[in-house]
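Okay, so here's the structure we're looking at.
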Amino acid sequence: MNAATPVNLLDLDEAALRRYFESVGERSFRARQIIKWVHQQGVTDFAAMTNLSRDLRERLQNEALIRTPQVEAEHVSQDGTRKWLMRVDSGNCVETVFIPEGERGTLCVSSQVGCPLDCAFCATAKQGFSRNLAVGEIIGQVWQAARRLGQHPKTGRHITNVVMMGMGEPLLNMDNVVPAMQLMLDDNAYNLGRKRVTLSTAGVVPGIDRLARQCPVSLAISLHATNDDLRNELVPINRKYPIAELLDACRRYIDANPHGEITFEYVMLRGVNDSVAEARAMVRLLQGLPAKINLIPFNPFAGAGYERSHDDAIDAFRERLQRSGLVTITRKTRGDDIAAACGQLVGEVQARARRHRRDVH
Ligand code: SAH
């Protein structure tokens with residue numbers, strides 16, 4: 001590294017920071033010290049890191065930096081949900097949402113600018129795919145939210161859970177999502193238990209297996225349909241990894257993490273996937289899996305082309321699942337007055353390299 005290309009230490013988890021310090025002839029425990037300063041204390045100025053030697057502080061000032069996404073706008077919903085538009089470069093912003101509920105505070109984090117998967121009912125899909133976020137741009141959303149919530153220096157634990165359910169498909173950006181999640185779990189950073197970090201995927205099967213090996217957190221699957229014809233239409237990556245293969249991957253995930261359970265998300269679209277017959281089909285599909293189900297009433301956006309199921313259809317669907325012993329909740333719609341609800345995140349993208357539907361990977 002030289003002065004012309006300073007390394008952003010926010011891109012490095014503990015393992016990578018240790019390698020960095022070793023490569024510059026420093027002791028590897030510096031990694032822990034830096035992580036505490038940055039993630040627990042919210043300090044980004046090396047000069048303030050008083051337990052580092054003067055030489056090291058100077059060296060870091062020349063060779064490294066801590067660059068976080070910048071908060072471009074903040075919206076606060078009537079229900080307390082907050083949405084931040086975070087600028088990650090001159091042309092691109094992503095959205096991050098904080099959802100308080102009693103003692104729990106869930107942060108919904110983005111993994112990509114836009115999304116290549118083109119799910120039929122999702123606003124993010126409409127803007128196409130721009131690029132993957134770097135580690136520092138993912139964990140930087142947590143860093144910024146913690147600061148905005150007054151969590152730095154560590155005064156309270158406002159963020160108790162993180163869900164990788166913002167913009168993008170996290171399993172298509174694993175090289176960066178995994179180190180960012182390692183920092184969420186790190187005792188010296190955000191210290192969240194594995195059950196409090198959830199990754200949601202539209203069904204990237206090889207990524208599910210890799211996640212089991214590299215960073216087994218809570219897994220959520222965006223199911224949304226119980227047969228391949230409909231799922232091909234709603235979640236086009238199903239053409240590559242159909243339902244049977246997806247559920248096999250879920251079984252392997254549970255075999256590797258026997259105490260876990262998998263959340264299945266199911267968006268309720270009026271007249272499309274919300275019949276009681278489909279609830280019965282779901283019961284058959286999920287038999288034998290430790291599963292719980294989140295029904296998500298569709299959140300509309302301009303030009304969506306779908307409508308939210310009627311409340312009585314959602315209730316009947318839920319009751320049918322519950323009657324078969326499946327733990328099912330209907331997700332409350334939060335933050336819809338500020339377009340912060342599931343599937344409404346759009347950020348801002350310059351590149352609109354929308355991919356063809358069949359070319360979903
Ligand atoms: N790409 C990942 C992460 C997105 S998570 C995934 O597909 O799982 C966001 C969740 O909200 C997913 O289950 C997604 O399918 C769902 N969703 C997308 N658009 C929605 C909308 N308009 N209304 C309700 N849920 C939506």
Side-chain angles (χ1 to χ4, degrees), residues 83 94-97 99 106-129 132-133 138 141 161-174 177 180-181 197-205 207-208 211 217-225 230-231 233-238 240-241 243 246 249-250 253 262-270 272-274 291-309 314 317 329-336 339-347 355 360-361:
K83 179 175 84 169
V94 294
E95 292 181 330
T96 310
V97 178
I99 308 142
T106 302
L107 192 69
C108 181
V109 169
S110 294
S111 58
Q112 298 182 314
V113 185
C115 185
L117 290 189
D118 207 19
C119 296
F121 49 83
C122 178
T124 305
K126 304 294 174 220
Q127 66 177 210
F129 175 63
N132 281 332
L133 293 179
I138 300 168
Q141 296 169 61
N161 296 68
V162 173
V163 292
M164 297 302 303
M165 295 189 185
M167 300 168 65
E169 168 49 53
L171 294 187
L172 292 181
N173 183 20
M174 287 192 86
V177 166
M181 292 197 306
V197 175
T198 300
L199 181 144
S200 178
T201 179
V204 182
V205 164
I208 294 172
L211 189 69
V217 292
S218 294
L219 181 63
I221 302 285
S222 294
L223 188 63
H224 304 322
L230 181 59
R231 196 162 190 273
E233 203 180 295
L234 297 179
V235 185
I237 199 174
N238 193 71
K240 193 158 184 176
Y241 306 112
I243 293 174
L246 176 57
C250 291
Y253 199 81
I262 295 180
T263 302
F264 289 87
E265 297 157 280
Y266 195 92
V267 61
M268 298 297 292
L269 302 168
R270 187 186 304 178
V272 174
N273 66 352
D274 61 353
K292 65 176 187 216
I293 296 164
N294 275 1
L295 302 180
I296 315 175
F298 171 66
N299 293 304
F301 53 91
Y306 291 97
E307 289 171 301
R308 179 179 295 183
S309 300
I314 298 176
F317 201 97
I329 60 149
T330 302
R331 195 180 283 173
K332 261 192 265 167
T333 290
R334 299 289 303 268
D336 55 347
C342 304
Q344 293 184 328
L345 305 185
V346 288
R355 294 190 179 184
V360 289
H361 196 100

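The model shown is predicted, which means the values in this text are computed figures rather than measured ones. Order of appearance sets the numbers: ligands from 1, and atoms from 1 within every ligand.
Every atom of ligand 1 is numbered from 1 in the order shown, and the set under 4.0 Å from a heavy atom of Ile296 is 24 (C), 25 (N). The contact set between ligand 1 and Cys122, taken as ligand atoms under 4.0 Å from a residue heavy atom, comprises 18 (C), 19 (N). The contact set between ligand 1 and Val267, taken as ligand atoms under 4.0 Å from a residue heavy atom, comprises 23 (N), 24 (C), 25 (N). Close approach to Ala202 involves these atoms of ligand 1, each under 4.0 Å from a residue heavy atom: 6 (C), 7 (O), 8 (O). For ligand 1, the atoms closer than 4.0 angstrom to any heavy atom of Thr201 are 6 (C), 7 (O), 8 (O).
When side chains are defined from C-beta on, Val163 counts as touching Cys108, because their heavy atoms get closer than 4.5 Å. Side-chain contact check for Leu234 versus Val267: every heavy-atom pair is 4.5 Å or farther apart. Between Leu246 and Ile208, the closest side-chain pair of non-hydrogen atoms falls below 4.5 Å.
If you look at Val235 next to ligand 1, there are no close heavy atoms at all, none under 4.0 Å. For Gln344, no heavy-atom contact with ligand 1 is shorter than 4.0 Å. Contacts between Met165 and ligand 1, counted as non-hydrogen atom pairs separated by less than 4.0 Å, involve both the backbone and the side chain.
With respect to atom 12 (C) of ligand 1, the closest heavy atom belonging to the protein is Ser222 OG, 3.2 Å. Gly343 CA, 3.0 Å is the protein heavy atom nearest to atom 19 (N) of ligand 1. In terms of protein heavy atoms, atom 21 (C) of ligand 1 is closest to Cys342 O, 3.3 Å. Summary of contacts: the protein heavy atom closest to atom 23 (N) of ligand 1 is Asn299 N, 2.9 Å. Looking at atom 4 (C) of ligand 1, its nearest protein heavy atom turns out to be Gly166 O, 3.8 Å. The closest protein non-hydrogen atom to atom 10 (C) of ligand 1 is Glu265 OE2, 3.8 Å. The nearest heavy-atom contact from the protein to atom 2 (C) of ligand 1 is Ser200 O, 3.3 Å. Among all protein heavy atoms, the one lying closest to atom 14 (C) of ligand 1 is His224 NE2, 3.8 Å.
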Item to check | Full working for side chain to side chain donor-acceptor pair (under 3.5 Å) between Thr201 and Glu169 | outcome: CA-CA 6 Å; Thr201 179; Glu169 168 49 53; 2.8 Å; yes
Next on the checklist: Is there a side-chain contact (heavy atoms from CB on, under 4.5 Å) between Asn299 and Thr333? Walk through the geometry before answering.
Outcome noted: CA-CA 8 Å; Asn299 293 304; Thr333 290; 3.4 Å; yes
Item to check | Leu172 vs Leu117, side-chain contact (heavy atoms from CB on, under 4.5 Å): CA-CA, chis, key distance, verdict | outcome: CA-CA 10 Å; Leu172 292 181; Leu117 290 189; 3.9 Å; yes
Item to check | Evaluation steps, side-chain contact (heavy atoms from CB on, under 4.5 Å), between Arg331 and Glu265 | outcome: CA-CA 9 Å; Arg331 195 180 283 173; Glu265 297 157 280; 3.5 Å; yes
Checklist entry - For Cys250 and Ile221, what are the C-alpha separation, side-chain angles and deciding distance, and is it a side-chain contact (heavy atoms from CB on, under 4.5 Å)? => result CA-CA 9 Å; Cys250 291; Ile221 302 285; 3.8 Å; yes
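Ligand 1 is never approached by Met167 to a heavy-atom distance shorter than 4.0 Å.
Ligand 1 has an N or O atom lying under 3.5 Å from an N or O atom of Phe121, backbone or side chain. Distances between N or O atoms of Gly168 and those of ligand 1 include at least one value under 3.5 Å.
Contacts of Tyr306 classified as ring-ring contact (aromatic ring centres under 6.0 Å, His included), with partners at least two apart in sequence or in another chain: none. Taking the ring-ring contact (aromatic ring centres under 6.0 Å, His included) definition, one finds that Phe298 meets it with nothing, sequence neighbours left out.
The backbone N or O of Phe317 sits nowhere less than 3.5 Å from a side-chain atom of Asp274 that would complete a donor-acceptor pair.
When Asn273, Ile296, Leu269 are each tested for a side chain to side chain contact (heavy atoms under 4.5 Å, CB included) with Phe121, only one passes: Leu269.
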